[in-house]
Amino acid sequence: MYANDVIYQELVQICGKENVLRDEPMKYHTLVKIGGKADFLVWPTTYEQVVDVIRLKEKFQIPFTLLGNGSNVIVRDGGIRGIVMQLKHLAEIKVEGEKIIAQSGADIKAVSRFALEHSLTGLEFACGIPGSVGGAIMMNAGAYGGEVKDVLDHVKVVTQKGELKTMYKDDLQLGYRTSIISKTHDVVLEVVFQLEKGDPQKIKAKMDDLTFQRESKQPLEYPSVGSVFKRPPGYFAGKLIQDSGLQGKGVGGAEVSTKHAGFIINKNNATAADYIATIEMVRKTVKEKFGVELELEVKIIGEDA
Ligand SMILES: Cc1cc2nc3c(=O)[nH]c(=O)nc-3n(C[C@H](O)[C@H](O)[C@H](O)COP(=O)(O)OP(=O)(O)OC[C@H]3O[C@@H](n4cnc5c(N)ncnc54)[C@H](O)[C@@H]3O)c2cc1C
């Protein structure tokens, strides 16, 4: 038996056959619809299974990648070696007074809607962010003046050694689209949001307004990763790209959106190589024209083909 067969058997024992995929194209699991094959894609259904998968990758020293909704990642065309774990089956959301407790595989949009249903205010900003709760913590996701940091109480995580721990807001070093999780690679299992009682009509009106703003400004009809670049201090990435005359330009099937210059869309079956070459073209042009280095918000993972 090959080593990969042994690993497959062990993963099936932990998560069940229906929750372990082999040689799975990641373009089916990223919102930009790009990405080569992962050796193994696993979907645990309990926290114990998450811990067991982590212990397994430690035992075999297998590369390990965690994915949320795949809304902020580009997987290179050669795919991902080892195990990719997604927590989409851990998606329960519940309410306790003014707190919402969400498992990290839940959509942050669904949590925002759930807050509205319970007349709780604070998560309106998240109503259009297409990530999971875990991804939103890791990225300190935010929009229209709100961010996760404003409403977070604490999280339960499992470390890369398989140990469970609780981390409070201040432990997480939440900054602009970043957190300490990007260094520790802890796996967020569960999140407790601290909200406040609000008027459901006002909450809904705010969500409707933000949805309108998003739909009118963003090219949501095409697959993308959202904003590719972070906001450079003192500038807006989209404006710099627009003023560089790059809208409508790109490599292969990837193109700088004509609707919002901060977005690069997968217009026509783009490969990761097309998308990354378009990113590099944008960075080079903006640097030449304005002397500004654009830093990536999106994560690029995996191997070249
Ligand atoms: C159309 C569009 C609009 C967007 N608008 C916004 C916006 O307004 N504001 C904004 O902030 N972002 C926005 N994004 C980007 C993206 O949705 C966010 O960054 C989101 O938080 C990523 O969540 P995810 O679950 O998709 O994570 P992924 O993209 O799958 O992963 C991102 C990172 O999070 C890590 N991660 C995922 N789950 C966990 C977990 N459980 N524990 C620890 N780490 C984890 C991954 O390892 C990876 O490093 C947009 C994206 C798109 C496509």
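Numbering of ligands and ligand atoms starts at 1, following listing order.
- Phe64 and Val157 are members of different hydrophobic clusters when ILVMFWY side chains are connected at heavy-atom separations under 4.5 Å.
- With Tyr176 as the aromatic partner, Arg231 meets the cation-pi criteria of under 6.0 angstrom to the ring centre and within 45 degrees of the ring axis.
- Atom 51 (C) of ligand 1 has Val225 O, 3.4 Å as its closest protein atom, hydrogens excluded (heavy atom only).
- Counting only non-hydrogen atoms, the option in Pro130, Gly105, Ser132, Ser71 that gets closest to atom 25 (O) of ligand 1 is Ser132.
- Following chains of ILVMFWY side-chain contacts shorter than 4.5 Å, one can reach Leu172 starting from Ile129, so the two form part of one hydrophobic cluster.
- Polar contact check, Leu66 against ligand 1: a nitrogen or oxygen pair lies under 3.5 Å apart.
- If you look at Asp186 next to ligand 1, the close heavy atoms, those under 4.0 Å, all belong to the backbone.
- For atom 31 (O) of ligand 1, the closest non-hydrogen atom of the protein is Val73 CG1, 3.9 Å.
- Of the N and O atoms on the side chains of Asp208 and Thr211, not one donor lies less than 3.5 Å from an acceptor on the other residue.
- Arg177 counts as a contact of ligand 1, since one of its heavy atoms falls under 4.0 Å from the ligand.
- Remark: ligand 1 and Asn72 share an N or O pair separated by less than 3.5 Å (distance only, no angle test).
- Judged purely by distance below 3.5 Å, without hydrogens or angles, the side chains of Asn69 and Asp107 pair a donor atom with an acceptor atom.
- Not one N or O of Gln218 is nearer than 3.5 Å to an N or O of ligand 1, by distance alone.
- Here's the thing with Leu87: none of its N/O atoms is less than 3.5 angstrom from an N/O atom of ligand 1.
- Side-chain heavy atoms closer than 4.5 Å link hydrophobic residues (I, L, V, M, F, W, Y) into clusters, and following such links, even through other members, never connects Phe212 to Phe263.
- Counting heavy atoms only, Arg214 comes closest to atom 8 (O) of ligand 1 of the residues Gln103, Arg214, Glu147.
- Using a 4.5 Å heavy-atom threshold, the side chains of Lys259 and Glu221 count as touching.
- Scanning the protein heavy atoms around atom 1 (C) of ligand 1, the nearest turns out to be Leu220 CD2, 3.7 Å.
- Neither the backbone nor the side chain of Ile108 has a heavy atom within less than 4.0 Å of ligand 1.
- Partner Gln160 forms a side chain to side chain donor-acceptor pair (under 3.5 Å) with one of Lys57, His185, Glu58 and no other, that one being Lys57.
- Protein heavy atom nearest atom 13 (C) of ligand 1, with residue, atom name and distance: Ile129 CG2, 4.0 Å.
- Of the candidates Pro219, Gly135, Gly142, Gly131, it is Gly135 that places a heavy atom closest to atom 21 (O) of ligand 1.
- Nearest to atom 35 (C) of ligand 1 by heavy atom, out of Lys88, His29, Met138, is Met138.
- For Met139, no nitrogen or oxygen atom sits less than 3.5 Å from a nitrogen or oxygen atom of ligand 1, counting backbone and side chain alike.
- Using a 30° and 60° split on the angle between ring planes, His89 and Trp43 fall in the perpendicular class, above 60°.
- Side chains of Glu297 and Val228 form no contact here, defined as non-hydrogen atoms less than 4.5 Å apart.
- Here Val188 has heavy atoms under 4.0 Å from ligand 1 in both its backbone and its side chain.
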